[in-house]
Number of protein chains: 2
Amino acid sequence: MLSKKTKYGLKALTYLARQEGNTPVQVGEIAVNENIPQKFLESILLTLRKSGCLGSKKGKHGGYYLIKKPSDIIMADVMRVLEGPIALVPCVSLNFYEKCDDCPDEITCSVHKLMIQVRDSTLNVFRNNTLADVCKTSKDENFIK
Amino acid sequence: MLSKKTKYGLKALTYLARQEGNTPVQVGEIAVNENIPQKFLESILLTLRKSGCLGSKKGKHGGYYLIKKPSDIIMADVMRVLEGPIALVPCVSLNFYEKCDDCPDEITCSVHKLMIQVRDSTLNVFRNNTLADVCKTSKDENFIK
DNA sequence: TGTATTTCCTATTAAATCGATAGGAATAAT
DNA sequence: ATTATTCCTATCGATTTAATAGGAAATACA
């Protein structure tokens, strides 16, 4: 299950991507429009900024803004920042690998093999979607099913 | 992330699938061979039985056994019993649907659309793998990558 | 220069979930 | 009867999650 953190983070990113210029948008504005608790959103945007997904400006008229074009923001990267590993098991994770302590042998582990398939198929989706893709709704003209 | 419950459950099922006959196998035997806390495994096998994935026999010489051929056991069904929804968000779940309380409109929700893709690709894996497939290790001769 | 505004940072809390354990009832074989 | 096993309910401790609190640091602007 997706955490609220991730869900809120994704919504905030799409909100920013839909902005006209690149002027900073305040947390409060995003929070109100996307129904997200403001203080919680604050901490989420902070981690997104620290990981290089977002830029920020402090003080009056400050806020957050995208530092890359939406079409250059790969969802796999965003998901890893917000949700952590994409794999369902650490032993098949590309970026967060860990050995299972209860598994004598990965090669013969049947769970392992199944989970690699799931990882690859999920990764395929997240790698082939940019923030720009995600922003297109089914209402948009150029939306291709 | 996959819960321990699911991981243990899958391992137990493959253990049973690899048995010769259909004579009941005791929880203790599975627990020892798969490095699973016995009492925990007991409760997992119980839910698998209640959901129709397994049969059981009480008393002396009792235990658990498969009631279907491994090749007839679809992983999607098993996963739903053990882990719950396959979808990452309830609003895109086929079997556990729930409306988001913070989302005004599913049609235009960008998260929604992305998560449908993830659900479909994951489901594709779980629907196309039976317990028999999962049991094949990469060591097996007929294993096809 | 000072005041209002906003991000930044750390700590804390309440609730939910997870992993595991405990103890015994029910059932079956011998 | 005795022994072995599943079945059932309850509970516990640890971890994670979602959210809140309070204030420091930075910036715009009057």
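In this text the structure is predicted, and so the values were computed from the model without any measurement.
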Looking only at non-hydrogen atoms, find the nearest pair between B/Val81 and B/Cys53 and report the distance.
-> CG2-SG, 4.3 Å
Mind listing the N/O atom pairs, protein and nucleotides 17-21 of chain C, below 3.5 Å?
residue	atom	partner	partner atom	Å
C/dG19	OP1	B/Lys4	N	3.0
C/dG19	OP2	B/Lys4	N	3.3
C/dA20	OP2	B/Tyr8	OH	3.4

Rounded distance in Å - CG (A/Leu45) to P (C/dC8) = 9 Å
Which two nucleotides bound the region of DNA chain D that has atoms under 4.0 Å from heavy atoms of chain A, read 5' to 3'?
-> D/dA18 to D/dC29
Where B/Arg127 and B/Ala76 come nearest, the two heavy atoms and their spacing = CG-CB, 4.1 Å
Any luck finding a side-chain donor-acceptor pair between A/Gln19 and A/Tyr65 under 3.5 Å?
-> no
Identify whether the distance between the nearest side-chain nitrogen and carboxylate oxygen of A/Lys113 and B/Asp133 falls below 4.0 Å.
-> no
If we ignore angles and hydrogens, is there a donor and acceptor under 3.5 Å between the side chains of B/Asn124 and B/Ser121?
-> no
For A/Lys7, which contact category applies under a 4.0 Å heavy-atom criterion: base, sugar-phosphate, or nothing?
-> nothing
Please name the pair of heavy atoms, one in B/Thr130 and one in B/Ser71, separated by the smallest distance, quoted to 0.1 Å.
-> CG2-O, 3.3 Å
Going through the distances and angles, do B/Glu98 and B/Ser93 end up as a side-chain contact (heavy atoms from CB on, under 4.5 Å)?
-> CA-CA 8 Å; B/Glu98 258 179 72; B/Ser93 172; over 6 Å; no
Give me the distances for all protein-to-nucleotides 4-6 of chain C N/O pairs that come in under 3.5 Å?
residue	atom	partner	partner atom	Å
C/dT5	O2	A/Lys60	N	3.4
C/dT6	OP1	A/Gln26	OE1	2.9
C/dT6	OP1	A/Gln26	NE2	2.6
C/dT6	O4'	A/Gly59	O	3.3
C/dT6	O2	A/Gly59	N	3.4

Considering only NZ, NE, NH1 and NH2 on the basic side and carboxylate oxygens on the acidic side, decide whether B/Lys7 and A/Asp102 come within less than 4.0 Å.
-> yes
So, for B/Ile107 and B/Asp105, which heavy atoms are closest and what is the spacing to 0.1 Å?
-> N-OD1, 3.1 Å
B/Tyr64 and B/Val25, any side-chain heavy atoms less than 4.5 Å apart | no
